[in-house]
Amino acid sequence: MKTPFYEMPLVTSAGKFTARYSELGLAEIKFPAARRKATGAVGLEIIPPGVRKWHRITKMALKSILAGRSPKTFPPLDPAGTEFQKKVWHALRKIMPGRTKSYGEIARAIGKPKAVRAVGGACGANPVPVLVPCHRVLAANGKIGGFSGGLDWKRDLLAREGIEI
DNA sequence: AATGACAGTCCCA
DNA sequence: TGGGACTGTCATT
């Protein structure tokens with residue numbers, strides 16, 4: 001039996017994102033794409049009240065961050081990943097808007113100071129970009145590093161928080 | 001089961 | 001400035 005999930009659009013000033021929810025919370029956010037494929041989502045016609053509520057919170061949180069502010073509330077998050085990745089994502093959430101950390105600082109924060117490169121991999125695997133602010137992680141030498149959604153998005157998100165590279 | 005590639009960083013020459 | 005070691009995960013062999 002397949003786990004049910006729900007996909008819903010997030011229309012913002014920066015474009016139409018897509019949120020995907022599991023039965024436990026927000027599982028994934030996709031950046032606006034020129035072309036959107038059909039998804040085969042289960043339950044698209046019947047969205048449970050709980051998911052609608054999560055979605056309202058997600059929308060507010062996303063808009064807050066796009067405006068460079070810290071969201072008052074977050075939806076429950078249910079990103080799929082390994083224990084290591086979840087530790088990294090948890091550490092990322094502590095970076096406030098307008099602040100940045102290096103991959104090395106994240107590695108030290110989770111007690112694996114030598115796993116710097118693996119931290120980069122975990123950032124790239126983050127299923128909930130923007131809300132889990134992987135865009136606030138820069139290389140130790142101040143360079144921008146990479147971004148799974150494209151470096152233009154990373155620069156744009158940072159600029160919205162008042163950070164120029 | 002082994003190898004290579006990656007959103008990194010430090011060290012040593 | 002350049003090469004090697006180090007780490008977790010995934011695709012490829």
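In this text, all values refer to a predicted model and were calculated from it rather than measured experimentally. So that the names make sense, note that chain A is the first sequence line, chain B the second, and so on, each numbered from 1.
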Quote, to the nearest angstrom, the C1' distance that separates C:dT9 from B:dC10.
22 Å
Rounded to whole angstrom, note down the P distance from C:dT12 over to B:dA7.
16 Å
Under the side chain to side chain donor-acceptor pair (under 3.5 Å) definition, can you give me all pairs with a residue in residues 58-77 of chain A, not counting sequence neighbours?
A:Tyr21-A:Thr58
Which residue pairs pass the side chain to side chain donor-acceptor pair (under 3.5 Å) test with at least one member in residues 108-129 of chain A, sequence neighbours excluded?
none
I want to check something: taking the side chain as every heavy atom from C-beta on, are A:Ile106 and A:Val116 in contact at a cut-off of under 4.5 Å?
no
Beyond-backbone contact of A:Leu157 with A:Ile163, side-chain heavy atoms, under 4.5 angstrom
no
Cluster link A:Val11 to A:Leu62, ILVMFWY, side chain under 4.5 Å:
no
Can A:Met60 be reached from A:Tyr6 by stepping across I, L, V, M, F, W or Y side chains whose heavy atoms are under 4.5 Å apart?
no
Report the residues that fulfil side-chain hydrogen bond (donor to acceptor under 3.5 Å, both in side chains) with A:Asn141, sequence neighbours left out, ordered by chain and then residue number.
none
List for me each residue that meets side-chain hydrogen bond (donor to acceptor under 3.5 Å, both in side chains) alongside A:Glu161, sequence neighbours excluded, and say none if there are none.
A:His135, A:Arg136
Heavy-atom contacts under 4.0 Å between residues 144-152 of chain A and DNA chain B, which residues?
A:Gly146, A:Phe147, A:Ser148
Return the residues of residues 129-136 of chain A meeting this criterion: a heavy atom under 4.0 Å from some atom of DNA chain B. Order them by number, or give none.
A:Cys134
The criterion is ring-ring contact (aromatic ring centres under 6.0 Å, His included); which residues satisfy it with A:Phe147, sequence neighbours excluded?
A:Phe31
Between the protein and nucleotides 9-13 of chain B, which nitrogen or oxygen pairs come in under 3.5 angstrom?
residue, atom, partner, partner atom, Å
B:dT9, OP1, A:Tyr103, N, 3.4
B:dT9, OP1, A:Ala140, N, 2.8
B:dT9, OP2, A:Ala140, N, 2.7

Each base of DNA chain B marked ( ) or [ ] if paired in-strand (Watson-Crick or G-U under 3.5 Å), | if paired to another strand and . if unpaired gives ||||||.||||||
Output all residues satisfying side chain to side chain contact (heavy atoms under 4.5 Å, CB included) with A:Lys94, sequence neighbours left out; order by chain, then residue number.
A:His90
Identify, with sequence neighbours excluded, every residue that meets side chain to side chain contact (heavy atoms under 4.5 Å, CB included) alongside A:Ala14.
A:Thr12, A:Phe17, A:Leu66, A:Trp153, A:Arg160
Please state how far atom CZ in A:Arg117 lies from atom P in C:dT7, giving the value in whole angstrom units.
13 Å
Flag, side chain of A:His55 to backbone of A:Pro9, donor-acceptor distance under 3.5 Å:
yes
Where do N or O atoms of nucleotides 9-13 of chain C meet protein N or O atoms at under 3.5 Å, pair by pair?
residue, atom, partner, partner atom, Å
C:dT9, OP1, A:Thr82, OG1, 2.1

